[in-house]
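Here the structure comes first, spelled out in C-alpha cells, and everything after it is commentary.
For ligands, and for the atoms within them, numbers begin at 1 and follow the listed sequence.
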Amino acid sequence: MSLEDYKGVYIFAQQVDNHIDNIAFELLGKARDLAKPLNTQVTAVLIGYQVGGLADELAEYGADRVIVVDDPELKEYRTEPYAHALASVIEKYKPEIMLVGATAIGRDLGPTVSARVHTGLTADCTSLDIGDFPLQPKPNQEQKHNQLLMTRPAFGGNTIATIACPDNRPQMSTVRPGVMEKITPIKGAKAEVINYNPGFTPDDRYVTIEKVVKKVSETVDIQKAKILVSGGRGVGSPENFQILKDLADVLGGEVSCSRAVVDNGWAPKDLQVGQTGKTVRPNIYFAIGISGAIQHVAGMEESDLIIAINKDESAPIFDVADIGIVGDLNKIVPKLTADIKAEIAKKA
Ligand code: FAD
C-alpha cells in the first residue's frame, strides 16, 4: 500500500427510502474542516437504488464530488451488497479519510468495510482533527504529519483517547449523530457526479428481505429539539417528571433524561442523553437533578446554553453549566414555569 496514492476526505452519505439522513450532512460539515489543511476535496459516496437525484442536496451541504453507486440490489440496506459497494469505491478511488455515521447502518457497514479493505476504524469519535502523530515527538520514532486524529471516550468514558492510523489507508472513523455540525446549505451548489457500479453477484451472504415492518416511534426525536428539559435521578419519580414537562411546554421544548432515569424504568431509552444515549446540541439544555457524570456530559456539552439545577453545589454538572442554580428542583422548577408563563401572559 502506497499511502501517497490515497487522497481526499470521503463520507458515506446514508440514505433510507431515498431520503438522505441528517448524519450525512453533519459528516460533510466535518469533512470540509478536515479537507482545508489537507488542501483536498470532499467526496460523498451515495449508495442505493434510483438515488442519483439526491446528489444536489449533498452538494449544497458541502460535497465537491458525489460517487453514486446505483443498483437494484441496493434498494434496501443489506450488509453484503452495501459493503461490496463501499469497499469497491475505496479500492478504486483511494480516499485518505473515510467517515461513516455511527447509526445502526453505519455501525454494521463501517467495521465490515474496514476489515475488507485492511485498515483500522475508530468508532464513536467525538472529535476529529488533522495533526501530528505521535502528538509529541518521540526519540527514534518518526512523527508523521497531516494524520487524522480521532478522539473518543475510552474505558467506559473514564478517559479520552486520541487514536491515529498512520500506516494504513483510508483512515476510517464513525461519528454519532448530533456530534458534528452541518454547514448552512449553499443553495444551487453543484457537485461533480461520478456513476460507478462494481457489479453485484448475489451469493449466500446476501440476505433476502421478506418484509419491511416500520417501527412507529412514540417518542419525540430529542436531537431535533431546540430546547431540552432534561431530568435525572434527582427528579425522584416518574410522576414528578410532570414538572419538567410543564416547563418544557411553556418553552416549546422537549423532555430528555439521564441514564439513571432509563435504568429506573422512568423513561424510554430514546430520551436518554449521553455516551450510550443520544448526543444533543440544543440552544438551551436544562440539566435538572442530574449530577453531571462524564458519560452524561459527553452527550450534551456542545449545547449553546446549559442551565443546571441541583441541590448539591459541588455537583460536577456545574463545571459545564453556563448558569447554575443551587437548590431543590421541586421548588425551583414550578416557580420558573409559573414566572415564564406570567411573562408570556404580560406580553400577549
Ligand atoms: P445521580 O448521579 O444519582 O445524580 C442525581 C443528582 O440529583 C445529584 O447530583 C443530586 O444532588 C441531585 N438531586 C437530588 N435531589 C435533588 C433535588 N430535590 N433538587 C435538586 N437536585 C437534586 N449516564 C447518562 O446519563 N447517559 C449515558 O449515556 C451514560 N452512559 C454510560 C456508559 C457507561 C459505560 C457507564 C459506565 C455509565 C454511563 N452512564 C450514563 C451513567 C453515568 O455514569 C451516571 O451514573 C448517570 O449519568 C447518573 O445519572 P443522574 O445524574 O441522573 O443520577
Identify which one of Leu99, Thr43, Ile23, Val45 satisfies the side chain to side chain contact (heavy atoms under 4.5 Å, CB included) criterion when paired with Ile11.
Leu99
Residue portion contacting ligand 1 (non-hydrogen atoms closer than 4.0 Å) for Ala293
side chain
Proximal atoms of ligand 1 relative to Gly277 (non-hydrogen, under 4.0 Å)
28 (O)
Atoms in ligand 1 with a heavy atom of Asp312 nearer than 4.0 Å:
11 (O)
Go through ligand 1 atom by atom and flag the ones less than 4.0 Å from a non-hydrogen atom of Asn330.
18 (N)
Of all protein heavy atoms, the one nearest atom 36 (C) of ligand 1 is Gln295 NE2, 3.8 Å
Identify the two heavy atoms, one from Gly62 and one from Leu28, that lie closest to each other, and give their separation to 0.1 Å.
C-CD2, 4.3 Å
Among all protein non-hydrogen atoms, which one is nearest to atom 52 (O) of ligand 1, and what is the separation to 0.1 Å?
Ser258 OG, 2.6 Å
Does the side chain of Lys182 come under 3.5 Å of the side chain of Asn22 through a donor N or O and an acceptor N or O?
yes
List every atom of ligand 1 that sits less than 4.0 Å from any heavy atom of Asp328, numbering the atoms from 1 in the order shown and giving each element.
17 (C), 18 (N), 19 (N)
So which heavy atom in the protein is nearest atom 9 (O) of ligand 1, and how far is it from that ligand atom?
Asn310 ND2, 2.9 Å
Thr276 heavy atoms, cut-off 4.0 Å: which ligand 1 atoms fall inside?
27 (C), 28 (O), 29 (C), 30 (N), 31 (C), 32 (C)
Measure the spacing between CG of Asn39 and NZ of Lys7 and express it to the nearest 0.5 Å.
11.0 Å
Going by distance alone, is a donor N or O of one side chain under 3.5 Å from an acceptor N or O of the other, for Thr337 and Asp246?
no
For Gly234, take its heavy atoms, then give the atoms of ligand 1 lying under 4.0 Å from any of them.
5 (C), 7 (O), 13 (N), 14 (C), 15 (N), 16 (C)
With distance as the sole criterion, is a donor-acceptor pair present between the side chains of Arg65 and Tyr10 under 3.5 Å?
yes
Taking the side chain as every heavy atom from C-beta outward, state whether Gln141 and Pro134 have any atom pair closer than 4.5 Å.
yes
Nearest heavy atom to atom 48 (C) of ligand 1 wins, so pick from Gly299, Gly274, Ala315, Ala260.
Ala260
Do Asp328 and Asn330 pair up side chain to side chain, a donor and an acceptor below 3.5 Å, judged on atom types alone?
yes
Yes or no, since that's all I need: does a protein heavy atom fall within a distance strictly under 4.0 Å of atom 45 (O) of ligand 1?
no
Among Ala298, Ser291, Ser314, closest by any non-hydrogen atom to atom 2 (O) of ligand 1
Ser291
Decide yes or no for Ile284 and Leu228: does some side-chain heavy atom of the first lie under 4.5 Å from some side-chain heavy atom of the second?
no
Considering only non-hydrogen protein atoms, determine which one is nearest to atom 53 (O) of ligand 1 and report residue, atom name and distance to 0.1 Å.
Arg233 CB, 3.5 Å
May I ask you to decide if the ring planes of His296 and Tyr285 are parallel, tilted or perpendicular, using 30° and 60° as cut-offs?
tilted
Quick one: which ligand 1 atoms are inside 4.0 Å of a heavy atom on Gln272?
26 (N), 27 (C), 28 (O), 29 (C)
Indicate whether any N or O donor in one side chain lies under 3.5 Å from an N or O acceptor in the other, for Asp270 and Thr219.
yes
Test your reading of the structure: does Leu329 have an N or O sitting under 3.5 Å from an N or O of ligand 1?
yes
Atom 31 (C) of ligand 1: which of Gln275, Lys278, Arg259 has the nearest heavy atom?
Arg259
Just going by heavy-atom distances, which of Gly232, Gly289, Gly327, Ser256 is nearest to atom 5 (C) of ligand 1?
Gly289
Working note: Tyr206 + Phe200, criterion ring-ring contact (aromatic ring centres under 6.0 Å, His included); need CA distance, chi angles, decisive distance, verdict.
CA-CA 10 Å; Tyr206 273 53; Phe200 294 86; 7.3 Å; no
Quick one: look at Val273 and ligand 1, take heavy-atom pairs under 4.0 Å, and tell me if it's side chain, backbone, both or neither.
backbone
among protein heavy atoms, the one nearest atom 21 (N) of ligand 1 is Lys311 N, 3.1 Å
